[in-house]
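Each remark here refers to the structure printed beneath this line.
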Amino acid sequence: MFDPANVSILIPADKISERVAALGEQITADYKADERVPHLICVLKGGCMFLSDLMRSVHLPVTIDFIAVSSYGTETASSGEVRMTKDLDQSLEGRDVLFVEDIVDTGLTLSYLTDTFRRRGARSVKIAALLSKPARRKVEVPIDYVGFEIPDEFVVGYGLDHAERFRNLPFIGVVTDPAAV
Ligand code: 5GP
C-alpha cells in the first residue's frame, strides 16, 4: 500500500468502511420510509471515493450525477469563493437530491449548492458528508448524514487531496510536513 511517511493516519480504512456502510443503511431506511429514491450528486473531485462506496451500501434504485466546484486551488485555507466548474448532466426537476460531499469546512460550498439546486426545482435536498469540521463553520448548513466530525486539521486521503495528491490513500490522514509534500 502507498503509505507516505509525511501523512499520519487520522481515520483508518476499516473505520471508514464501517461508517459508510452504516450511513448507507440509514439512507436506505429513511428514503424507503418516505417512498423516495435519492438522486446522488457527487461533488468532484473529493467526493468520488465516498460516492463509490456509499452508493453500494444504499439498497435502492439510485441515480447519480456529478458536479465540480472550485474553492481552494492548491491552498490549504478556504478562499470563501465558490465557482461551478462542471455542471450537472441531468435536470433536477422533482428529484430528491442527496449531495455526496467529502468534507464540510466553512459550509460555503454546500450552502451555495443547496440554494442553487432548490431554485432548480429539486423536490428535496439533503446532504451526506463523510467529514465535518464544525470549528471552521462560517455558514450553518444542516448535514443530514455525517460520517465523522474531525478537529480543525487539513486532511487528505479517501478522495481528498493536497495539491492534487494523496486522493488514492484508503484512509484519512493529516499531512505532518506540508513543506515536504
Ligand atoms: P467549504 O466550502 O465547506 O469551506 O469547503 C468545502 C471544500 O473544501 C471541500 O469539498 C474540500 O474540497 C475542501 N476542503 C475543506 N477542508 C479540507 C481539508 O481538510 N482537506 C482537503 N483536502 N480539502 C478540504
Side-chain angles (χ1 to χ4, degrees), residues 2-13 15-16 19-20 23 38-55 64-88 97-119 125-181:
F2 171 57
D3 189 3
N6 59 343
V7 178
S8 69
I9 298 181
L10 185 66
I11 309 171
K15 290 277 175 286
I16 299 176
R19 187 72 191 117
V20 173
L23 290 178
H39 182 49
L40 305 177
I41 296 195
C42 173
V43 186
L44 293 170
K45 301 172 192 167
C48 66
M49 217 180 272
F50 182 35
L51 173 77
S52 68
D53 284 343
L54 184 69
M55 66 193 285
I64 64 168
D65 205 344
F66 296 88
I67 193 163
V69 291
S70 108
S71 59
Y72 263 80
T74 55
E75 299 302 315
T76 55
S78 176
S79 63
E81 204 181 293
V82 180
R83 193 165 55 91
M84 211 181 282
T85 55
K86 185 223 168 289
D87 206 340
L88 301 170
V97 166
L98 178 58
F99 277 107
V100 179
E101 171 71 307
D102 51 3
I103 184 165
V104 181
D105 184 28
T106 62
L108 289 166
T109 307
L110 277 172
S111 147
Y112 167 81
L113 287 177
T114 48
D115 288 352
T116 307
F117 283 16
R118 280 201 185 95
R119 281 201 302 273
V125 180
K126 286 184 164 190
I127 297 172
L130 180 72
L131 305 172
S132 170
K133 278 198 258 188
R136 297 250 317 151
R137 209 70 94 244
K138 287 188 184 156
V139 194
E140 264 330 299
V141 276
I143 310 178
D144 303 277
Y145 305 98
V146 61
F148 303 91
E149 290 202 342
I150 59 164
D152 183 9
E153 306 238 40
F154 190 81
V155 292
V156 296
Y158 198 74
L160 288 145
D161 74 313
H162 179 278
E164 292 300 328
R165 290 179 53 214
F166 303 117
R167 292 192 195 277
N168 61 329
L169 296 178
F171 54 83
I172 297 287
V174 177
V175 179
T176 48
D177 181 7
V181 174

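Any value given below was found using the heavy atoms of this structure, including those in side chains, with hydrogens, waters and symmetry copies removed. Everything numeric in this text was worked out from a predicted model, so none of it was measured. Each ligand, and each atom within it, is numbered from 1 in the order the structure gives.
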Looking at [X], which atoms of ligand 1 are within less than 4.0 Å of one of its heavy atoms?
{"X": "K133", "value": "16 (N), 17 (C), 18 (C), 19 (O)"}
{"X": "T109", "value": "1 (P), 2 (O), 5 (O), 6 (C)"}
{"X": "E101", "value": "10 (O)"}
{"X": "L160", "value": "21 (C), 22 (N), 23 (N)"}
{"X": "D161", "value": "21 (C), 22 (N)"}
{"X": "G107", "value": "1 (P), 3 (O), 4 (O)"}
{"X": "E153", "value": "19 (O)"}

Partner set under salt bridge (charged side-chain N to carboxylate O under 4.0 Å, His left out) for K45, not counting sequence neighbours: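 Checked K45 against salt bridge (charged side-chain N to carboxylate O under 4.0 Å, His left out); matches are E164.
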Hey, which of V174, V7, D161, L10 is the one that makes side chain to side chain contact (heavy atoms under 4.5 Å, CB included) with V156?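 Checked V174, V7, D161, L10 against V156; only one passes side chain to side chain contact (heavy atoms under 4.5 Å, CB included): V7.
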Enumerate the residue pairs fulfilling salt bridge (Lys or Arg N to Asp or Glu O under 4.0 Å) with a member in residues 106-115, sequence neighbours excluded, ordered by first and then second residue.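 Matches after skipping sequence neighbours: none remain.
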Among the heavy atoms of I103, does any lie under 4.0 Å from an atom of ligand 1?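 Yes; I103 lies near enough to ligand 1 that a heavy-atom distance drops under 4.0 Å.
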Looking only at distances, please establish whether an N/O atom of ligand 1 is found under 3.5 Å from an N/O atom of D102.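 Indeed, backbone or side chain, D102 has an N or O that close.
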Answer yes or no: does an N/O atom from V155 fall short of 3.5 Å to an N/O atom of ligand 1?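 Checking ligand 1 against V155, an N or O pair does fall under 3.5 Å apart.
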Are [X] and [Y] packed together at the side-chain level, in the sense that at least one heavy-atom pair is separated by less than 4.5 angstrom?
{"X": "I172", "Y": "L130", "result": "yes"}
{"X": "Y158", "Y": "V20", "result": "yes"}
{"X": "I11", "Y": "V155", "result": "no"}

State whether the side chain of R137 and the backbone N or O of V104 hold a donor-acceptor pair below 3.5 Å, judged by distance alone.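 Answer holds: yes.
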Exam field: side chain R136 to backbone E153, donor-acceptor pair closer than 3.5 Å: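 The answer is no, because no donor-acceptor pair under 3.5 Å joins these two groups.
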What do we get for R136 next to ligand 1 when only non-hydrogen atoms under 4.0 Å count, side chain, backbone, both or neither?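 No part of R136 is near ligand 1 at this cut-off.
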